[in-house]
Amino acid sequence: MRILGIDPGSVQTGFGIIDEKDGSMVFLDCGVIHTASSFPIPYRLKRIYSGLKRVIESHRPDVVSLENIFIARNVNSALKLGHARGAAILAAVNCDLEVFEYTPAEVKKAIAGFGRADKQQVQKMVKSLLALPELPNPHDASDALAIAICHSQSRMMRQMMKAGPLKRRNQGLRHAIQLPKE
């Protein structure tokens, strides 16, 4: 399964792509779609949409995961972030991709084991989990990879839950316990 993670932003939107193969994750690509804060928001959204559409068309992901909006102190910033998320979602949906959303705390917990991990901790764990030779830069790209990793781990967990761990454990016990003959 190929997963595109997106860290939306109105000035920089990060993207990261991983392949999930046999329970392991393989790095494919990451980067940032840049816009200028001096541009009006409609032009920034067009650039985000077009950039993500090109990434989707060139890498052909199976699903898209992105960071869910969080409560912001600045209403104007929250609105711009919401617009950027909308452009990202629209790019994915227009390419017939399913979209999954994760809160920043869910992503940090999946990556670093702690929902309040800082950017450097997340960046180092992404490097480790994907066996990268160096830290992915900038932070928007490493955050997008973290979101893709979070989706991969969540998906694997859902598959394990569907398989029924008690059923698997009972089958193993039946073979492990041999009662003495009377």
Side-chain angles (χ1 to χ4, degrees), residues 2-18 27-112 114-127 129-130 135-155:
R2 185 163 290 177
I3 304 166
L4 167 60
I6 301 173
D7 181 31
S10 64
V11 177
Q12 289 194 129
T13 292
F15 67 90
I17 304 161
I18 63 170
F27 168 82
L28 290 180
D29 194 11
C30 70
V32 174
I33 298 164
H34 296 276
T35 66
S37 60
S38 61
F39 286 179
I41 194 73
Y43 294 102
R44 288 192 258 166
L45 297 177
K46 180 181 179 184
R47 187 170 187 131
I48 293 166
Y49 174 85
S50 299
L52 288 173
K53 193 131 192 288
R54 277 193 302 276
V55 168
I56 290 168
E57 289 169 352
S58 66
H59 289 288
R60 303 272 183 221
D62 298 302
V63 296
V64 171
S65 57
L66 67 132
E67 198 167 72
N68 200 344
I69 202 161
F70 59 94
I71 298 172
R73 293 182 190 167
N74 184 325
V75 175
N76 196 29
S77 295
L79 284 171
K80 287 178 184 174
L81 178 60
H83 291 319
R85 287 184 73 252
I89 292 169
L90 189 60
V93 171
N94 278 345
C95 293
D96 297 320
L97 295 173
E98 191 171 5
V99 177
F100 295 87
E101 299 178 67
Y102 299 94
T103 66
E106 287 173 320
V107 173
K108 290 174 182 179
K109 188 168 184 177
I111 301 302
F114 178 58
R116 291 178 170 247
D118 64 29
K119 289 205 177 278
Q120 289 77 22
Q121 289 171 311
V122 170
Q123 197 177 34
K124 287 176 184 174
M125 286 305 298
V126 166
K127 177 185 182 270
L129 290 168
L130 295 177
L135 293 174
N137 270 314
H139 285 292
D140 300 295
S142 67
D143 287 350
L145 285 169
I147 294 163
I149 293 168
C150 176
H151 178 70
S152 175
Q153 291 177 347
S154 295
R155 192 177 95 74

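Applying the salt bridge (Lys or Arg N to Asp or Glu O under 4.0 Å) rule to Lys46 yields no partners; only residues at least two apart in sequence or on another chain are considered. Residues satisfying the side-chain hydrogen bond (donor to acceptor under 3.5 Å, both in side chains) test with Arg54, not counting sequence neighbours, are none. The side-chain hydrogen bond (donor to acceptor under 3.5 Å, both in side chains) check on Ser142 picks up nothing, with sequence neighbours excluded. With sequence neighbours left out, the side-chain hydrogen bond (donor to acceptor under 3.5 Å, both in side chains) criterion links Arg47 to no other residue. For Asp62, the side-chain hydrogen bond (donor to acceptor under 3.5 Å, both in side chains) criterion is met by no residue, not counting sequence neighbours.
If you check the side chains of Asn137 and Gln123, you find a donor sitting under 3.5 Å from an acceptor.
No donor-acceptor pair under 3.5 Å is formed between the side chain of Arg44 and the backbone N or O of Val11. At least one donor-acceptor pair closer than 3.5 Å links the side chain of Gln121 to the backbone N or O of Asp118. Using modelled atom types, one side-chain atom of Arg2 and one backbone atom of His59 make a donor-acceptor pair closer than 3.5 Å. The closest donor-acceptor contact from the side chain of Thr35 to the backbone of Tyr43 lies at 3.5 Å or more, if one exists at all.
Thr13 is listed as a side-chain neighbour of Ile6, based on a closest heavy-atom distance under 4.5 Å. Counting heavy atoms from C-beta outward, Asp29 and Phe15 have side chains that approach closer than 4.5 Å.
The side-chain contact (heavy atoms from CB on, under 4.5 Å) test with Ile18 singles out one residue from Leu129, Val126, Leu145, and that residue is Leu145.
With rounding to the nearest 0.5 angstrom, the NE2 atom of His151 is 7.5 Å from the CD atom of Glu98.
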Solution key, residues 80-92 side-chain donor-acceptor pairs under 3.5 Å, sequence neighbours excluded:
residue	atom	partner	partner atom	Å
Arg85	NE	Glu67	O	3.0
Arg85	NH2	Glu101	OE1	2.1

From CA spacing to verdict: side-chain contact (heavy atoms from CB on, under 4.5 Å), Ile3, Phe100: CA-CA 10 Å; Ile3 304 166; Phe100 295 87; over 6 Å; no

